[in-house]
Every structure is written in structure tokens, then in C-alpha cells.
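Everything on this sheet refers to the single structure shown next.
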Amino acid sequence: MSDKNIRLRFAPSPTGQLHIGGARTALFNWAYARRMGGSMVLRIEDTDPIRSKKEYEVAILDGLKRMGMDWDEGPDVGGPFGPYRQTERFERYLGVAASLFQAGWAYRCFCSSERLVELREAQMERKENPRYDGCCKDLPKEAADARVAAGERAVLRFSVPEGQTTFTDLIRGEVTFQNTEVDDWIMVRADGAPTYNFVVVVDDSDMEITHVMRGEEHLTNTPKQVLIFRALGLDVPLYAHLPLMLGKDGKKLSKRTGDTALQDYLDLGYPPEAVLNFLCLQGWALDGENDIFSIEELVKNFTPESVAKGGSIFDPEKFKWMAGEYVRRDSVERLAERCGPYMTAAGLMTREELVERNEWFLRAVKVEQERFSLYSELPGRLAYLFAGDGDVEWDQKAEQGARKHEGGAAILADFATWLASQFDGGDAVDPGALGAATKEWIGERGLKIPGLFQPLRCVLTGAAGGADLFEIIGLLGHEKTLARIAAGAARLAEEPRNA
Ligand code: GLU
């Protein structure tokens, strides 16, 4: 099924980094636009002059692009319904506000902020919902004109009619609000700035948006917006309010329950494909069986109707697990390319070294591929390879394991002599063949495998577990391997340092 007239939008406010909830909203809009062969619009809602910042706009666009999303119209690519930044559309909004005022849908309100605070407090005391009491609603036109002429400042309030407001939500069905629940809200502030609930309608209508898919936190804004559409005699778009993303504590996702900015996850080295896949699962499922699927599958199958109503639980452990799954499935080349900057940031390899020693680095990545989940974890896992051969840090468990075997130092020294002959002059070893030969060597001497492997692993890596020992020997190369064994054997022959 396709319908090129379908138009969706993502409308972030550039007041902070792109939140993962926002990234999910963008993703679902984008997926549906692409599925239907319709259009995706990016609109910047920068009406808040204090909190909006250009750098956030840049960061949001960048984050979306890094996730592989694109848009057909937007502030950076233009389009037939521009401009796509709200601050560039004020004239249009004020024109529409004037026509609503002329038609009697809006009135000027002169109430001071002191009066509004008192009103609010009194209502709260009476346990009523705070709302504007309509004090200025019936001011005669001449009186209001005179007050404006005398320099008094007024806001423009929408005059909410009696009755109820019903709209279609593709996830929830028909949604009805009693108009008594909707305040006579401010459309234009005293300084002439139009507000969100008003401008969003002008834009959604001007930009011919057919589907408004956004977070559930906007559900209570929707009756306000629908009333404006109707007052203007315009078609109301279809809505889809995506379930809130909740932390494991069942509360709204916040810094407290983990990182909430998309950028933080990307900076930590969550594979972008894993981020996309995980976001898909926040309120949506492919088939209830497969959690791991590609973005193409999302595009092929996504409909707003198939989104769940209930709050989705954002599970950080599952997210990390998924990151690992994507690391496992990636090609070594791409993984190395993506992990390289983390190696440089950790001071382990310069950018030049990453190029010069590319083959070595590819091997190192392959050796660890099964064992890490985030790109930022790789430097920590490989750090031992870059340590000075005499000062590899031994963790307690590794050292205890190594010292358990009597004569470990002597076995290591023996092994080193034999190993030197296996290198065949260069660094190249075949880890599989070396492993088999080593096991024979162990057997011939009547030793047990751990009797060599535990001390060896300790002196080479300082850890009790990890990658295949012979892969590690391959990565360290001839000289370093022998130097580490020599230094480690000497240390093992001494008393433990922290004993
Ligand atoms: N600018 C709003 C926000 O960032 C979105 C408004 C909408 O989608 O209608 O939450």
C-alpha cells in the first residue's frame, strides 16, 4: 500500500540534545513516511527564544542523520512549504491570529500576572483545576480598544466553545475531551509572540500534514489544536500519540534512570543500528518473536495502528545486550573503523597508527569481537597489549591463579625457550597450530594445561580470562611475548607484591 499524499513531520524544539524519546518519534514518522511513499518534513519549533539554541538544532539534525534518517523538506533542504523554522514564520502566524480574532474566536485579555496568580491560588484552595475564569472574555470591543490605545498590553486568548472535542487517534481510537477541561489558553503573548499550540496548527495545516505522530505527553494539547483547526474551517489531521517511554521503575524516563540524550548513547559507542532497533521496540514489535530486525523491516511493516497504547519500558540491560548482538554481527572492517576513534581518544593508537597497523588492529578487533558490546569498551579490553612488558598490571584473580601452580616460573622459562623456536624468525604465528603444538609440549612434560595456561595468561595479559591465548601471542608478537614471559616469570619467582 502506498499513498504519496501522506505527509508526516518531526518537529523538535531545539532546546536541548535530541532525547531518545524524540529520536523514536522521528524514527516512527520517518518509517511510516517511507513505507507509504509519502513525504517526511522536518520542522524546527524554536518559538521559545530563551531556551532555543542554534547549536541544539545542529546537534538534532546531526543525530538524526547519524541514525540514517533523512527528510524531504526541512530548514536545511528547503521545500515548497518553507520556511521550516517557526521563528521565520511569525508574520504568517500573526495574520492567522488576526483572522481568528476578527471572527470572534479569540479575545484580548488584560489580566495582570498578579491577578492570575491569585486566581490560581484560590482555585487550588477550592480543589478546582486551575484555569482562566474568562474575566476579559466579554469586555466590549470599544473598551478593549481604548485600553490598547492607552498603551495597556494584552494577550490574545482562544475562546473555547462549549461542548466537547473529539478526534481520531490511530493508536487509541476516538478520543474525547470535555471543553470545560480546556482553558481559554493564550495564543499570542503580550510581547506579540505566538505560542506552541497555536503555531503548530498553522504549520501542520500550511505544510499539509496528514498524520501527527508524537509523544503521549502532547495528548492534552491535542484538543486545543483541534479546536483551532475547526475554528479555521480546516481538515483535522489524524493523530497518533506514542506511549511514554518509562524507566524500569515505571516512571517517566529521566537522567535518573540513565542517559536520555541520543548523543550520549552514540558517544558511548552503542552501534547506531542497535540504537535504531532498540528504539523500534519502544512501543512497537515486529512479530512478537524477533527482537532483532533491520530498519528495512521496520519500514516494511510499520503502521501507527500497530503501536501499543501502554507505556513502554526502557530496559538499559536489554539495550546493552542488543548493542553486543550488533557488535557480534558486524564486519570486522566496519567495527574497526568505528572503534578506531575510541582507541585514539584512549591514547592507545594515533590515527596514523590505525592506518599503518590496520591489519594488526583488524586482528585485535576480531579477537575481541565476541566480548564487548560498546565501541568504548574496546580500548579497555585491548589496553594490556600496549602496556610496557615489565609492567603489565596483574589482577588479583589472575595472580592467584598463576601462583597456585608450583614451579610456575620455571615452567614459563622452559616454555619461552621452546616458544622462541616456534616463531620461525618473524612475528607470524598460526594461533591454531601453536595451540596444538603447545598442548603436545605440555603432554610431553607430564604437565596439566592450567599449569602453563594460568601463569602464561597472567604474565601476558594480567587477567584471569579473555581471548584465546594463542591469538594473544599472535597479537603481541615474538619479542613482546618473550619479554613479558621473562619479566613475569621473574615476578612469579618473587613473593607476591601485595602479600
Ligand atoms: N516541538 C514539540 C516538542 O519538541 C513537538 C510538537 C509536536 O510534535 O506537535 O515536543
Side-chain angles (χ1 to χ4, degrees), residues 6-33 39-61 63-64 69 71 73-75 81 83-90 93 165 167-172 175 177 182 185 187 193-229 234 236-245 252-254 260-263 279 282-283 304 307:
I6 280 194
R7 291 176 57 83
L8 293 110
R9 67 359 178 239
F10 178 54
S13 302
T15 52
Q17 295 286 345
L18 180 59
H19 183 274
I20 42 172
R24 178 195 59 174
T25 300
L27 177 63
F28 285 1
N29 277 286
W30 173 84
Y32 194 53
S39 299
M40 175 71 184
V41 176
L42 186 89
R43 182 170 76 223
I44 295 294
E45 304 209 319
D46 55 351
T47 49
D48 181 337
I50 297 165
R51 292 170 59 228
S52 296
K53 300 229 157 43
K54 184 76 191 168
E55 70 221 53
Y56 290 135
E57 178 186 320
V58 172
I60 290 170
L61 265 60
L64 294 171
M69 284 179 244
W71 40 94
E73 298 167 31
F81 300 100
Y84 293 92
R85 234 180 244 109
Q86 288 185 327
T87 45
E88 293 166 21
R89 302 173 60 82
F90 270 31
Y93 303 140
T165 302
F167 54 88
T168 305
D169 182 299
L170 296 172
I171 301 171
R172 274 150 240 276
V175 180
F177 281 84
V182 187
W185 51 282
M187 287 171 45
T195 62
Y196 160 72
N197 276 309
F198 168 53
V199 300
V200 82
V201 173
V202 177
D203 289 348
D204 284 341
S205 151
D206 284 358
M207 296 176 186
E208 298 182 5
I209 299 301
T210 56
H211 293 63
V212 172
M213 203 176 338
R214 59 187 172 195
E216 190 183 329
E217 64 275 18
H218 286 292
L219 190 60
T220 51
N221 287 325
T222 306
K224 296 181 180 174
Q225 298 176 14
V226 168
L227 284 167
I228 298 272
F229 274 106
L234 298 166
V236 179
L238 294 167
Y239 289 92
H241 290 92
L242 305 171
L244 290 179
M245 280 166 64
K252 200 165 174 244
L253 207 59
S254 68
T260 51
L262 174 75
Q263 194 59 41
L279 288 178
Q282 302 301 309
V307 174

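The basis for the numbers below is simple: all heavy atoms, side chains too, and nothing from hydrogens, waters or symmetry mates. In listed order, ligands and their atoms are each counted from 1.
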Audit row: Asn197, Gln225, side chain to side chain donor-acceptor pair (under 3.5 Å) steps and yes/no: CA-CA 6 Å; Asn197 276 309; Gln225 298 176 14; 2.8 Å; yes
Candidate list Arg85, Arg89, Arg7, test salt bridge (charged side-chain N to carboxylate O under 4.0 Å, His left out), partner Asp203, passing option: Arg89
Ser13: numbered ligand 1 atoms lying under 4.0 Å from its heavy atoms: 1 (N), 2 (C), 3 (C), 4 (O)
Side-chain donor or acceptor of Arg9 paired with backbone N/O of Asp204 under 3.5 Å: no
Shortest protein heavy-atom distance from atom 8 (O) of ligand 1, along with the residue and atom involved: Arg9 NH1, 2.6 Å
Ligand 1 to Ala11 polar contact by distance, N or O atoms, under 3.5 Å: yes
Check: Arg24 side chain, Gln282 main-chain N or O, donor-acceptor pair, under 3.5 Å: yes
Pair His218 and Tyr196, ring centroids less than 6.0 Å apart: yes
Sub-4.0 Å atoms of ligand 1 with respect to non-hydrogen atoms of Val200: 9 (O)
Part of Tyr196 within contact of ligand 1 (heavy atoms, under 4.0 Å): side chain
Shortest protein contact, atom 1 (N) of ligand 1 (heavy atom only): Glu45 OE1, 2.6 Å
Nearest-contact summary for atom 10 (O) of ligand 1 - protein heavy atom, Å: His218 NE2, 2.9 Å
Leu253 vs Ile20 side-chain heavy atoms within contact, under 4.5 Å: yes
